[in-house]
Every structure is written in C-alpha cells, then in structure tokens.
Protein chains: 2
Amino acid sequence: MSLRFALLAILRVGPLSGYDLQKQFHQSVGHVWHAPDSQIYPELRKMETDGLIEGEEQTRGERGTRRVYHVTDAGERAFLEWMESPLDYQRVRDPAHLRAAYLESATPAAAREFLERHIAHWESELEQFDGELTHIANLSNPMLTRRLAVTPDEDRERTIEFKRFAYEGLAERARVEIEWARRGLELLDRLY
Amino acid sequence: MSLRFALLAILRVGPLSGYDLQKQFHQSVGHVWHAPDSQIYPELRKMETDGLIEGEEQTRGERGTRRVYHVTDAGERAFLEWMESPLDYQRVRDPAHLRAAYLESATPAAAREFLERHIAHWESELEQFDGELTHIANLSNPMLTRRLAVTPDEDRERTIEFKRFAYEGLAERARVEIEWARRGLELLDRLY
DNA sequence: CTCATCATGTAAATTGTTACATGATTCA
DNA sequence: TGAATCATGTAACAATTTACATGATGAG
C-alpha cells in the first residue's frame, strides 16, 4: 500500500513519464521502498483510475509515445492524509536473524559464509546510504534539488534535514547489522 | 519461503500438533518471522504433501481430533540444506524511513506523533527481546530447554550462544530505532 | 452450563516476484 | 548499423493479509 505513496512522493515534485519516474524511483525512494518496473507501471495505471494522478500521452519521435503523469488535487490530498495517518507496522519477517538463531545446525563454514555475506550485503547498503548523505549535504541529489526548487523558503531547511535524518537512520541500521555480524564471526572463532 | 523453515526449526525439536506448534511459534520463532494461524495450518498441509513432515491424526475426547506432526528425514535434510545455502536478501521496504524522508510534508503534530509511535513500537519490541534474552540466560525458555534436552553435550553451548546472539542483534536494532526516533524528536524541536 | 482455550481451517483480496516480451530512438 | 537506453508492459506464480467460520473439550 505504501508503493503508491512512494510514487506520489516523487511525482509531487513535478510531472514525469513512467520511465523517468521509475529511474528517479530507483535512485531515491527506491532505497527505502523497492519495487520492480513490472510493479510500477501497473500501479501508475491503477493510481490513474483511482484519480490520484493523470497521464498525458506524448509523442516521441516518429511513432514513439510516452505517458507523462502529474499528481491531481485528490492525489495531493491523499498523500498529505497518509502523512497525517498513523503508520501501520508490518510484523517482523527477518530471514537473517531467523537463521542466526539456529546457526548451531549449520556447518562452521556455512555459518561463517552466512555472516560474511551479511557484512558484505550491509556494507554495500551502507555505501549507498553514505553516498546519498553526501549528495544531500552537497545539495547534489537531483530529486532533492528539484524538490527544493518548488519549496517555499521557510520549508527548505526542513526538507533537507528530514531527508538527512531518514538516511542517517538507514546508515546507522546498516552499521549495526555489520557490527552484529562481526561479533558473530568472533563468536564462531570462540565456539569452534 | 522461510516460513516452512521457521516451522521446521520448531518441529525438529519434537512432534507437535498444529495448534501447539502455532503457540510455540508465536512465542519463539514468531519474533523473527511472523505468520498468522491462517497461514500456518495450510503451510503444514503443504509441507506434508511435499514430504517434509508427516501428520498423525489423534483422537481427543469423544469426537475431537488433532493432527500431530513430526519431521521426516527429507524434512531434516531440507532444513540442513537451507542452513547451508546462501540467504537471499529481500529488498528494503521500510514504511517508517519512507515517511521520515518526507516529514516536512506532515504537520508538526503528526510528525511528532509518528516519532512517538515509532519509539513506543520499538520499545515494546525491545521489551520482548530483552525478555527472551533473560529466558535464554536462565534457561527458562521452554523451546530452548526442550531443544537442549535432545542436543548432544558438545553442541549445547553453541545452541545457547547462537540464540543469544540472534536476540542481541534484534534488541540492538530496536535500541537503534528508538535512539533514531528520539533524535527525530529533537530535530522537530529545533525546526519548529 | 458457560467460558476459556483447544483445534483447524476457508475464501478473497492484495502484494510482490520472476520471467518474459516488444518495439522505438538516439548516438557513436 | 549496432548498441545503449528509452518506453511500457503481460503472465504466472508465490506469499501475505484480513476476515470469517465452526465446533469440541475441560475446568469451575
């Protein structure tokens, strides 16, 4: 259900074609809400039938077309309402901690590999988050600058600070996962 | 896909009826892999047709029945294979950080409430994890003691330590979420 | 005899994943 | 002219959520 709000968050900055949206998506909100193209295009169509966005068919070259979407008033309202509404927390479903709890059933080699992969996974996430934080600090994030361009002066600091806040939370989470898995490796050394 | 391995993890300790399993589940693995009863019962049936477990119909009182499941050799192998296999990380889908990134679009009151709820949510999770850690330390967790009863001596320490390790990771994650949201509240104070 | 808890689901809808499919345009 | 990238999906399946449904047993 959050997918549409993730999409609205991007579209609210300005009209975009499905393709451009999808690209912006993967570089920005996609960090907190992944969705493949095959989910984005149909969702845009559904949002259109629900009246949250409107699409305009544009020609491109001789025969090509693309559909450029913009947020309607109803879409804007829906987004703001979502921002005011209590967030529903979905229940935990954490394969890594599930496996960690039963690591005595794995061979030491598999246990070690699991932890090393965990570290690698979160290091790569951390790299992305830190990259985003740099872009935010430099105002070199394209979505953020586009957003700031349409933001009243008194909201600019807030816009930047909340984005930084969100990514700092993600980066810290990544660091904690890495430290945890490192402790796991030490534990392995002790136990075998 | 991890659900069946979460269920296997419990059943491997010893035979259980669907109902007992479901109860044990919510008190143990359920902390890392939530599933409602309406998913557990059908999944058990599917696991049975896949040959991972076998169920025996037992009478209960006059007319009542219950189905007691145990893990087959194939189920045991499947679990161990899963433990050896690389874990596939599903992509992030994090509504809280998604919302945090756009908090400038919420009213200050809603932003504050969002963060306070976030703290409350993770404090309650933390309480559960800390409770589990106490049970692990005291060996007063029923699933763990049942498991230890069927565990060879040389594996007992590992069994305990990995369980502790898993729950410490969860607890730390909860603490990080709480600290993050607290910083968010301070940020709100600064910005408005 | 009534209430908690034992016991087991079905049905419908939504969401998400994976794999495949197709054609246009632009730039080197 | 061939590769990159623009552009938009469909189809099939798997997983998850939500809501509903039903009856038995045991303890007080």
Side-chain angles (χ1 to χ4, degrees), chain A residues 1-7 11 15-27 29-30 32-50 53 55-69 82 87-95 98, chain B residues 1-8 11 15-27 29-30 32-50 52-53 55-69 82 87-95 98:
Chain A
M1 219 353 150
S2 297
L3 175 57
R4 56 175 52 195
F5 298 108
L7 295 172
L11 266 185
L16 281 174
S17 70
Y19 182 77
D20 285 336
L21 179 94
Q22 170 255 107
K23 270 186 45 178
Q24 298 292 351
F25 186 86
H26 294 310
Q27 287 163 31
V29 213
V32 280
W33 199 272
H34 167 79
D37 308 356
S38 64
Q39 208 186 349
I40 291 176
Y41 287 112
E43 182 65 24
L44 287 172
R45 290 296 187 155
K46 267 174 61 191
M47 288 163 74
E48 191 171 13
T49 60
D50 291 348
I53 60 179
E56 234 187 311
E57 204 76 22
Q58 286 187 353
T59 56
R60 186 172 153 270
E62 291 288 303
R63 265 178 303 273
T65 60
R66 57 195 213 133
R67 200 164 177 80
V68 176
Y69 290 102
W82 180 72
L87 196 65
D88 54 329
Y89 287 86
Q90 51 335 21
R91 273 17 134 64
V92 220
R93 205 160 273 131
D94 184 335
L98 170 60
Chain B
M1 223 337 139
S2 297
L3 174 57
R4 56 175 53 195
F5 298 108
L7 295 172
L8 277 177
L11 266 185
L16 280 175
S17 71
Y19 182 77
D20 286 336
L21 179 95
Q22 171 255 105
K23 270 187 46 179
Q24 297 293 350
F25 185 87
H26 294 310
Q27 288 164 31
V29 213
V32 281
W33 199 273
H34 168 80
D37 309 355
S38 64
Q39 206 186 350
I40 291 176
Y41 286 112
E43 182 66 23
L44 287 172
R45 292 296 189 156
K46 266 174 63 190
M47 288 163 74
E48 192 171 12
T49 61
D50 291 348
L52 303 183
I53 60 178
E56 234 188 310
E57 204 76 22
Q58 286 187 351
T59 56
R60 187 174 151 269
E62 292 288 303
R63 266 179 302 275
T65 60
R66 58 195 212 133
R67 201 166 176 78
V68 176
Y69 290 101
W82 179 72
L87 196 66
D88 53 329
Y89 287 85
Q90 45 344 13
R91 275 11 136 67
V92 222
R93 205 161 273 131
D94 184 335
L98 169 60

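Heavy-atom basis, side chains included; hydrogens, waters and symmetry copies ignored. Protein chains get the first letters and strands the later ones, always in sequence-line order, with residue 1 at the start of each.
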* Asked: To the nearest angstrom, how far is A/H26 atom NE2 from D/dC6 atom P?
  -> 12 Å
* Asked: Taking the side chain as C-beta and beyond, is there a heavy-atom pair between B/V68 and B/D20 under 4.5 Å?
  -> no
* Side-chain heavy atoms of A/Q90 within contact of B/P95, under 4.5 Å -> yes
* Asked: Given atom OH of A/Y41 and atom C1' of D/dA11, what is their separation to the nearest angstrom?
  -> 18 Å
* To do: Would you mind reading off the distance between B/K46 atom NZ and D/dA15 atom C1', rounded to a whole angstrom?
  => 8 Å
* Asked: When the distance from CD of B/E62 to C1' of D/dG26 is rounded to whole Å, what number comes out?
  -> 13 Å
* To do: Kindly indicate whether the side chain of B/D37, heavy atoms from C-beta on, has any atom under 4.5 Å from the side chain of B/H26.
  => yes
* Asked: Tell me: CG of B/L7 to C1' of D/dA15, nearest whole Å?
  -> 14 Å
* To do: Would you mind telling me which residue lines up with the more 5' stretch of DNA chain C, B/R91 or B/R67, judged by nearest nucleotide?
  => B/R67
* To do: Check whether any side-chain heavy atom of B/R91 sits under 4.5 Å from a side-chain heavy atom of A/P36, and report yes or no.
  => no
* To do: Please work out if A/Q90 contacts a base, only the sugar-phosphate, or nothing of the nucleic acid, heavy-atom cut-off 4.0 Å.
  => nothing
* Got more than 12 heavy atoms from elsewhere within 6.0 Å of CD, A/E57? -> yes
* Nearest whole angstrom, please: distance from the P of D/dA11 to the CD of A/Q39. => 17 Å
* **Nearest-nucleotide 5' precedence on DNA chain C, A/A35 against A/G61** => A/A35
* Round to the nearest Å and state the distance from B/I40 atom CD1 to D/dT18 atom P. => 15 Å
* Phosphate OP1/OP2 of D/dT17: any A/R93 side-chain N/O under 4.0 Å -> yes
* To do: Would you grab the first and last nucleotide of DNA chain C (5' to 3') that comes under 4.0 Å of any non-hydrogen atom in chain A?
  => C/dT15 to C/dT25
* Nearest listed nucleotide, side chain of A/Y19, among D/dT25, D/dC6, D/dA19 -> D/dC6
Side-chain donor-acceptor distances from residues 40-50 of chain A under 3.5 Å, at least two apart:
{"from": "A/E43", "atom 1": "OE2", "to": "A/R4", "atom 2": "NE", "distance (Å)": "3.0"}
{"from": "A/E43", "atom 1": "OE2", "to": "A/R4", "atom 2": "NH2", "distance (Å)": "3.3"}
{"from": "A/E48", "atom 1": "OE1", "to": "A/R67", "atom 2": "NE", "distance (Å)": "3.4"}
{"from": "A/E48", "atom 1": "OE1", "to": "A/R67", "atom 2": "NH2", "distance (Å)": "3.2"}
{"from": "A/E48", "atom 1": "OE2", "to": "A/G55", "atom 2": "N", "distance (Å)": "2.9"}
{"from": "A/E48", "atom 1": "OE2", "to": "A/R67", "atom 2": "NH2", "distance (Å)": "2.9"}
{"from": "A/T49", "atom 1": "OG1", "to": "A/K46", "atom 2": "O", "distance (Å)": "2.8"}
{"from": "A/D50", "atom 1": "OD2", "to": "A/R4", "atom 2": "NH1", "distance (Å)": "3.1"}
{"from": "A/D50", "atom 1": "OD2", "to": "A/R4", "atom 2": "NH2", "distance (Å)": "3.1"}

